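Note that the structure is predicted; figures quoted are calculated from it, not measured. Note that ligands are numbered from 1 as they come in the structure, with each ligand's atoms numbered from 1 the same way.
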Amino acid sequence: MSGQSDLFSNPAPKVPALVASKIEALRDQLNQWAHEYYVQDAPSVPDAEYDRVFQQLQALEGAYPELVTPDSPTQRVIGAVMEGLASVRHAVPMLSIQTETDTEASGAQGFDARVRRELGLSDADPAVEYVAEPKFDGLAMSLRYEGGRLVQAATRGDGEVGEDVTHNIRTIRQIPLVLPADVPPVLEVRGEVYMRRADFEALNERQREKGEKTFVNPRNAAAGAVRQLDSGITAQRPLSFFAYGLGEVTPADAGGPDFGTHYALLQRLKSWGFPVAPQVCIAQGASELVAFHQRLGAERDALPYDIDGVVYKVNRLALQRQLGFKTREPRWAVAHKYPAQEMMTRCEAIDVQVGRTGKLTPVARLAPVFVGGVTVTNATLHNLFEIRKKSVRVGDTVIVRRAGDVIPEVVGCVPAATDDAGRPLARRPYVANFRMPRACPVCGSSVVREPGEMNHRCSGGLFCPAQRKQAMLHFAQRRALDVEGLGEKLVDQLIDGGVVHSLADLYRLDLARLAGLERMGEKSARNLLDELEKSKHTTLARFLYGLGIRQVGEATAKDLARHFGALDAIMDAGVEQLLQVSDVGPVVAESIHTFFAQPHNREVVQQLRACGLTWEEGAPAEPAAQPLAGKTVVLTGTLPNLSRDAAKALLEAAGAKVAGSVSRKTYCVIAGAEAGSKLDKARELGVPVLDEAGMHGLLRGDR
Ligand code: D41
């Protein structure tokens, strides 16, 4: 091969070979990630990493437009139709939304400036009116109603064709199956299906207990739930919904609804029974958009669901029409992002922490990473089996998630590193380099794991200083004995310095001893003693909760206090008696019984009482009234908000027997839409017929 002939016989190559292969590698990588994300519902990298590589590809293709091919990930909206679910062509395409990745105020200002320019407004013209909405991190969904009944629910798919998931969407309580009489004959409502954080955490906790796969984030849990072939599985993964727009509506022309503004449209959706985000508001001009972005950003952690940004929409529909679309994105809307809640970083080490109940929790020490608005250096790995399932090794790049005020966690591991050209390296087999210690890292007691349990525990009990510290913090927390000022640092000092050994020792502290501690002046010492004195007058429920009995949370403590009235009755109750308490099942009953069977736990209670802790005691509560005890009720048809199982459970909890057929003995029939022969029979026999609202009245005991 001669360099000369290449140079002279062919036109000079415009594209360096390295660029072409780099582009190829980036596309392969993005396609693989997109497949994991959209088809397998199991992404291996955070969205922020996908976006970064996507932008890298976009930049290269921008510089070498001759290398752009129609099948490049940049040239299409990805979204695969899964085998097994039927395809649905959307009557009106589901558009995508332009994303402003600049998370600063300038993101909102840039959008307002573009809108004003495209509308031909000058600086002298008044502010444009917008609607500002939260941007939910879920799945876009189109709900089609014909004659006021839900006939089809479809995912967005590629915007043109989605998947039919009607059977699954029917399990979502927040989605009405039947609409009021004043809706248009054909109505498509668009919105986001999502999973609330508490539902997600509870779902993952259940998965962990069963030793099954946990979900990376609520979005993926929701996506997986929506695309189940078996709606029974969907029903066990609680989903929620917010509406934000319309698809096909007929008649669209004369006589069809013209809402005038997007805001009015949202209000109408609300009146039809759809959940609309409570934060939605009207904003005048860029400054109010910026204010909304900042306000919601500050509230973000406290919201019960994940949002990944906010959405701004021009309010007047006439102006929306004037602005129109750019390929598949409306020019009148933009998504303005917040910092990502998932990021990649290096796992430097894995340490083990000992909790209040002795549970050993592996904690990843991380190279500092900015995620969900704060810098994170530690993240929980939950237990040994989670580490194995996620194939995490010290030294690996891991995905850290921090959303809300939930403890940051490692949700996954980035499996294949790429070389300098972006080519994925071969995957290595997983060989763990972390081991659970055999002895407690704090007290040296042996570490045990009961058969069938996922968690390792220190067997030291209150001999273990780590457990004693956690038990003390739990006892002192606001919702228990509420000893203000008794925080982590002080508890460390008190226990490490051998000043206190037991909970009762707290009440034996004296001023001199306290004031002598480091960082503790006489004034703070006095305050703490006052707080301790105050905490002596408490309630039975707080005291019980404060003891830190496994499985006994605040709600159970309250139930126990109400049911038994007195501590001695609880301490002496057998499992059978404990099971009488509402919401106490075998596991909880066993745990309470075991706790009070231990002489040292009874001793702790005895000592605390001797130190002067008091609470009011009363007589045991009357058994809860059951307004429908002994009555037979029949359910028929589809209720607007409650599934059949949910309605049945409510009725049974109120003492009713739910029967399958109507007779003269039937107390009443609860009928929903499409009720059939049972309703006719009820009318024939003169059995009262109620709707869902009437049923709620029954449950309250109104009849
Ligand atoms: O909360 C959301 N994720 C959200 C998504 C929202 N609040 N508004 C949206 N509005 C639109 C347009 C402007 C096209 C009606 C959207 C989406 N689209 C959307 N979600 C996924 C693709 C498009």
Item checked: Closest to atom 22 (C) of ligand 1 (judged by heavy-atom distance), picking from Leu95, Asp308, Thr99 -> Leu95

Item checked: Polar contact flag for Phe136 and ligand 1 (N/O pairs, less than 3.5 Å) -> yes

Item checked: Side-chain touch Val410/Cys347, heavy atoms, less than 4.5 angstrom -> no

Check: Can you tell me the protein heavy atom closest to atom 6 (C) of ligand 1 and the distance?
Finding: Tyr244 CD2, 3.4 Å

Note to self: If only side-chain N and O atoms count, and only distance matters, is there a donor-acceptor pair under 3.5 Å linking Arg170 with Thr638?
What the structure shows: no

Notebook entry, point to check: Any N/O of Glu133 closer than 3.5 Å to an N/O of ligand 1?
Noted result: yes

Next item on the list: Could you list the atoms of ligand 1 found under 4.0 angstrom from a heavy atom of Val311?
Entry: 6 (C), 7 (N)

Margin query: Could you check whether Ser643 and Asp645, counting side-chain N and O atoms only, form a donor-acceptor pair closer than 3.5 Å?
Written below: no

Note to self: Counting neighbours of CD1 on Ile282 that are heavy atoms of other residues, nucleotides or ligands and sit closer than 6.0 Å, is the number greater than 12?
What the structure shows: yes

Checklist line | Short side-chain donor-acceptor distance under 3.5 Å, Asp112 and Tyr312 | finding: no

Item checked: Numbered atoms of ligand 1 (with element) below 4.0 Å of Ala333, judged on heavy atoms -> 13 (C)

Check: Are any of the N/O atoms in Arg156 less than 3.5 Å from those in ligand 1?
Finding: no

Checklist line | Any Gly191 heavy atom less than 4.0 Å from ligand 1 | finding: no

Item checked: Salt bridge Glu386-Lys390, side-chain N to carboxylate O under 4.0 Å -> yes

Margin query: Below a 4.0 angstrom heavy-atom separation, can you tell me which part of Lys313, side chain or backbone, both or neither, approaches ligand 1?
Written below: side chain

Note to self: His293 vs Glu100, test: side-chain hydrogen bond (donor to acceptor under 3.5 Å, both in side chains). Steps then yes/no.
What the structure shows: CA-CA 12 Å; His293 187 256; Glu100 177 57 70; over 6 Å; no

Next item on the list: Please state whether Trp332 comes within less than 4.0 angstrom of ligand 1, counting heavy atoms only.
Entry: yes

Checklist line | Glu104, CD atom: more than 12 neighbouring heavy atoms under 6.0 Å | finding: no

Next item on the list: Please write down residue, atom name and distance for the protein heavy atom closest to atom 21 (C) of ligand 1.
Entry: Ala140 CB, 3.7 Å

Margin query: Tell me the contacting part of Pro134 for ligand 1: side chain, backbone, both, or neither, using a 4.0 Å heavy-atom threshold, strictly below.
Written below: backbone

